[in-house]
Number of protein chains: 2
Amino acid sequence: MAKKVSITVIRRLPKYHRYLNELEAKGIDRVSSQDLSVLTGFTASQIRQDFNNFGGFGQQGYGYNVRDLKMNIEKIMGYNNPKKTVMVGVGKLGQAIARYQRFDDAGMELVGLFDRNKNNIGKVIQGIEVQSMDNFEKFLQENDIQIGIITASGDSAQELTDKFVNSGIKGIWNFATVDLNVPDDVYVEDVRLMDSLLTLSYFVVKGQNENK
Amino acid sequence: MAKKVSITVIRRLPKYHRYLNELEAKGIDRVSSQDLSVLTGFTASQIRQDFNNFGGFGQQGYGYNVRDLKMNIEKIMGYNNPKKTVMVGVGKLGQAIARYQRFDDAGMELVGLFDRNKNNIGKVIQGIEVQSMDNFEKFLQENDIQIGIITASGDSAQELTDKFVNSGIKGIWNFATVDLNVPDDVYVEDVRLMDSLLTLSYFVVKGQNENK
């Protein structure tokens, strides 16, 4: 990839991928930027510009081949690179996330589950036994883990992050409501459920129209 | 509120609130925009501008009173307006979300749970019995529901949305991986777990530094 691609473009790719998947499932093999505009709500010119970031893929007068475009996006997003993943915090939310069926679609392989709560240790979720935190650092070192998922409570999140970082992890999916400090070469993707809820609350109370 | 506030400002408010909560818990009663800048990573001038949207709250040379600022944000975000909420889709993810302890903090009261799966109907979660979809529309009509949560699968999400909208709902917290069509006066807050995972995958594969 020659040039740097902005994060706003990257964040639109999963949406394109979602619609291309649907088109492929319907047996449609060709799509124009105008068609994609109707589906996604982005302008056709924005869509062409987005794909140009990655060297195009389209042909004048033909549009895009659905399957090729989908596969190119998958390649760009790293679907096909298997990434070993460990989760810490296997309470209610952690268990739901661990059972989330679509890890495979993102090329992630959940290989370890950890918890500090004795009631959770020993449970088997998706064929993986929840281990005690005593084994955490050793496991990270021995298994070449690339992604950490933090579904533990906020008070331990930075400490866990430091241990992940020391083990050479490349990315963290963070559900704890804290801002994590990481070195520049580690990427943190935050899922802020509380911030999301509060934004919803705001618009429900104030009325959506006031803020359009 | 006299002027329109942009959604980017609204989305920063929960973060301010989070840090003000922490400061208050530590017994700190006064904070400058500079202090808040260090904590949040936003610039001091951005912070002052954000609060000016709501008429200020700060005093030259003093800064902000932590408790007042926090309470003003809570008022703006509608924490204190109770909002009756119904969830549809009480599988693994739905159950985890239903047990999410912080609904109260956002002024949301979960009053109804619905599922089309017979194995889930009759379960009691957080003191609420999961009902059959047969009762769904009647329940919405009779209980003045303001917020709907969709943790059901994508194929039913638009149909559920239409029923919520017909009942006069004001906002939807959507976990389904589809783009919902709603009238202008209904706000949809999407939680896109798959999009989030794919973005993480991208940065882990490509390396974070390449895209800074």
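Each chain gets a letter, A, B and so on, in the order the sequences are listed, and its residues count up from 1. These values consider heavy atoms only, across backbone and side chains, with no hydrogens, waters or symmetry-generated copies.
- Applying a 4.5 Å heavy-atom cutoff, the residues of residues 190-201 of chain A that approach chain B are A/V191, A/R192, A/L193, A/M194, A/D195, A/S196, A/L197, A/L198, A/T199, A/L200, A/S201.
- Ranking A/G91, A/G78, A/G171 against chain B, the residue ahead of the rest is A/G78, based on heavy-atom pairs under 4.5 Å.
- Residues of residues 141-150 of chain B having a heavy atom under 4.5 Å from any heavy atom of chain A, listed by number: B/Q146, B/I147.
- Heavy-atom pairs under 4.5 Å with chain A were tallied for B/G94, B/G107, B/P14; the largest tally goes to B/P14.
- When the shell of 6.0 Å around NZ of B/K75 is examined, it contains 12 or fewer heavy atoms from other residues, nucleotides or ligands.
- Counting all heavy atoms, side chain and backbone alike, A/F203 lies closest to B/I10 at CE1-CG2, 4.3 Å.
- Of the listed residues B/T40, B/V205, B/D179, the one with more heavy-atom pairs under 4.5 angstrom with chain A than any other is B/D179.
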| message | What verdict does the side chain to side chain contact (heavy atoms under 4.5 Å, CB included) test give for A/Y187 and B/V204, after you've listed the backbone C-alpha separation in whole Å, the side-chain angles of each residue and the deciding distance to 0.1 Å? | response | CA-CA 7 Å; A/Y187 179 77; B/V204 166; 5.5 Å; no
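- Crowding of B/K92 atom NZ: a count of heavy atoms from other residues, nucleotides or ligands under 6.0 Å not exceeding 12.
- For chain A, the nearby parts of B/M77 are the backbone and the side chain; heavy atoms of each come within less than 4.5 Å.
- Using a 4.5 Å cut-off between heavy atoms, A/T177 touches chain B through backbone and side chain atoms alike.
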